[in-house]
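In each ligand, atom 1 is the first atom listed, and ligand 1 is the first ligand listed. Note: hydrogens, waters and symmetry copies are ignored here, and every other heavy atom, side chains too, is used. For clarity, every value in this text was computed on a predicted model and none was experimentally measured. Note that the numbering runs from 1 along the sequence shown for the chain.
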Amino acid sequence: MQLFLDTANVDEIREAAALGVISGVTTNPSLIAREGRDFQQVVREITEIVDGPISAEVISTEAGAMVAEAEELARIHPNVVIKIPMLPEGLKAVSRLESRGIRTNVTLVFSANQALLAALAGASYVSPFVGRLDDAGHEGMEVVADTVEIFTLHGLQTKVIAASIRHPLHVVAAARAGAHVATVPYKTLMQMTRHPLTEVGLKKFMDDWARLQNR
Ligand code: E4P
C-alpha cells in the first residue's frame, strides 16, 4: 500500500516528502484554486519535490478537449498522471490517452461499476471517493473493497486509490480493503503520526533522563 498526499500546497508537500512516506500527490481543481497560483507552475513544482505519480486534472468535459488539455499537462513531466472525470466522454479520453502512453486517474468514482468501466477503458488508476459517499449516507469504503475484489478476481491491472479520505480510520480501512493507494490530506497524515501514549511515553523518558543528569 502506498500513500499519496492530496493537496496542491507545496509547503505541505515538502514537509510530507521529508517524512519519506509519500509516493505521489493528487490535486484537483478545488485544491489548485485554494492555492490561487498558476496551475502548470504548481504541478511543475510538485514534480520537483516528489518523484512519483502526480495527478493533475482536466477541466474540459468533451473527450477531444480533455485529450488536448491532458497532452499539455503531460508535457510538464513524465510523472504527471491525468485525472479524468468519470463520464462517458472521460472514458473515451482515457482509452485514447492510455493508448498513447499517457497515464490516467479516473476521478469522481462513486460505484464499483464506474470503477470497472474505468479499468476496462485502460485507466492506470481509479479513485473512489470514500468521504463524499459517507457524507451522502453510504458506506464509502465498500466501493473500495468491492473494486479491489473485482479487479483482483478478473486480473485487471488498474490501481485503486482510496480518495476523499477524511481521517486516520479511513486509512486503516483502505489498507484492510486492499486499496493500492490512499491519498490523504496533510492534516490526516500528521494525525496518523500521533498517539497520546507516544507523547506521554516520550515525556517520561525525557523527565527520567533529566533526573539522572541532575543527580
Ligand atoms: C482525490 O483525488 C480527490 O481530489 C480528493 O480526495 C477529494 O477529497 P474531498 O472529498 O475531501 O474533496
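Summarising the geometry, atom OG1 belonging to T107 is positioned 11.5 Å from atom CE belonging to M86; distances are rounded to the nearest 0.5 Å.
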Pairs under 3.5 Å, nitrogen or oxygen of ligand 1 with protein nitrogen or oxygen:
| unit_1 | atom_1 | unit_2 | atom_2 | d |
| --- | --- | --- | --- | --- |
| ligand 1 | 2 (O) | K83 | NZ | 2.5 |
| ligand 1 | 4 (O) | N28 | ND2 | 2.6 |
| ligand 1 | 4 (O) | K83 | NZ | 2.9 |
| ligand 1 | 6 (O) | D6 | OD2 | 2.6 |
| ligand 1 | 6 (O) | S164 | N | 2.7 |
| ligand 1 | 10 (O) | R132 | NE | 2.6 |
| ligand 1 | 10 (O) | S164 | OG | 2.6 |
| ligand 1 | 10 (O) | R166 | NH2 | 3.1 |
| ligand 1 | 11 (O) | R166 | NE | 3.4 |
| ligand 1 | 12 (O) | R132 | NH2 | 2.8 |

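Here L153 sits alone; no ILVMFWY side chain lies under 4.5 Å from its own, so it joins no hydrophobic cluster.
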Cut-off 3.5 Å, no hydrogens considered: what does the side-chain donor-acceptor table look like for residues 44-54, sequence neighbours left out?
| unit_1 | atom_1 | unit_2 | atom_2 | d |
| --- | --- | --- | --- | --- |
| R44 | NH1 | Q41 | OE1 | 3.2 |
| E45 | OE1 | R37 | NH1 | 3.4 |
| E45 | OE1 | R37 | NH2 | 3.3 |
| E45 | OE2 | R37 | NH2 | 2.5 |
| E45 | OE2 | Q41 | NE2 | 3.0 |
| T47 | OG1 | R44 | O | 2.5 |
| D51 | OD1 | N79 | ND2 | 3.0 |

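Looking only at atom types and distance, the side chain of T183 has a donor-acceptor partner in the side chain of T26 under 3.5 Å away.
The closest side-chain heavy-atom distance from T7 to T27 is not below 4.5 Å.
In this structure, the side-chain contact (heavy atoms from CB on, under 4.5 Å) partners of A179, at least two apart in sequence or on a different chain, are V144, A162, A174.
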